[in-house]
Amino acid sequence: MNTFEKVYKVVLKIPRGKVLTYGNVGIVVGVSPRVVGYAMHANKNGKIVPCHRVVFRDGSLTEGYAFGGKDVQRKLLVNEGISFIGDKVDLESHLLRG
DNA sequence: CCGTTGACCAGGC
DNA sequence: GGCCTGGCCAACG
């Protein structure tokens, strides 16, 4: 099992309408948050893992998103029923905590 | 094998 | 509340 696959597996387990932070995925997988971000970057195709359900600890998104940018990512999240506070995800309501 | 590079996060100013 | 710094760890050259 590669480190990427472990990250992908956890991200795939995120239910619709919920989000996780990079650091949270890192804790579950057992790697540093940087590695999670690296794995997401490797997934820049966006066809393998719903990386739009992974956001910053702050609830903010990323500029270099695979599908085109944070605007596209925000649209995808809203499409799944996730609400936003300004330019950030409403973590209080949608952060998946285990 | 070593140095650099990140889609990060927390702390200090 | 924005910006910088240190720590973190796998992938790349």
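Chain letters run A, B, ... following the sequence lines, proteins first and then strands; every chain starts at 1. The figures here come from the full heavy-atom set of this structure, side chains too, leaving out hydrogens, waters and symmetry mates.
- Regarding Arg57(A), its CZ atom lies at a distance of 17 Å from the C1' atom of dG7(C), rounded to whole Å.
- Using a 4.0 Å heavy-atom criterion, one finds that Ala66(A) contacts the bases of the nucleic acid, with or without backbone contacts as well.
- Of the possible donor and acceptor atoms, none in the side chain of Ser32(A) sits under 3.5 Å from a partner among the backbone N and O of Val35(A).
- Ring planes of Phe56(A) and Tyr22(A): perpendicular class, angle over 60° (limits at 30 and 60°).
- Distance, Asp58(A) CG to dA10(B) P: 10 Å, rounded to whole Å.
- Considering only side-chain atoms of Tyr38(A), the nucleotide from dA7(B), dC9(C), dG6(B) that sits closest is dG6(B).
- Val19(A) has its side chain out of reach of Val54(A): every pair of non-hydrogen atoms, C-beta onward, lies at least 4.5 Å apart.
- Note on Arg34(A): a base of the nucleic acid sits closer than 4.0 angstrom, heavy atoms only.
- Mapping Asn2(A) and Pro33(A) onto DNA chain C by nearest heavy atom places Pro33(A) closer to the 5' end of the strand.
- Between the side chain of Tyr8(A) and the backbone N or O of Ala39(A) there is at least one donor-acceptor pair closer than 3.5 Å.
- Note on Gly64(A): nothing from the nucleic acid sits closer than 4.0 angstrom, heavy atoms only.
- As a whole-Å value, the separation of Tyr22(A) OH from dC9(C) C1' is 17 Å.
- Atom C1' of nucleotide dC12(C) and atom CZ of Phe4(A) are separated by 10 Å, given to the nearest angstrom.
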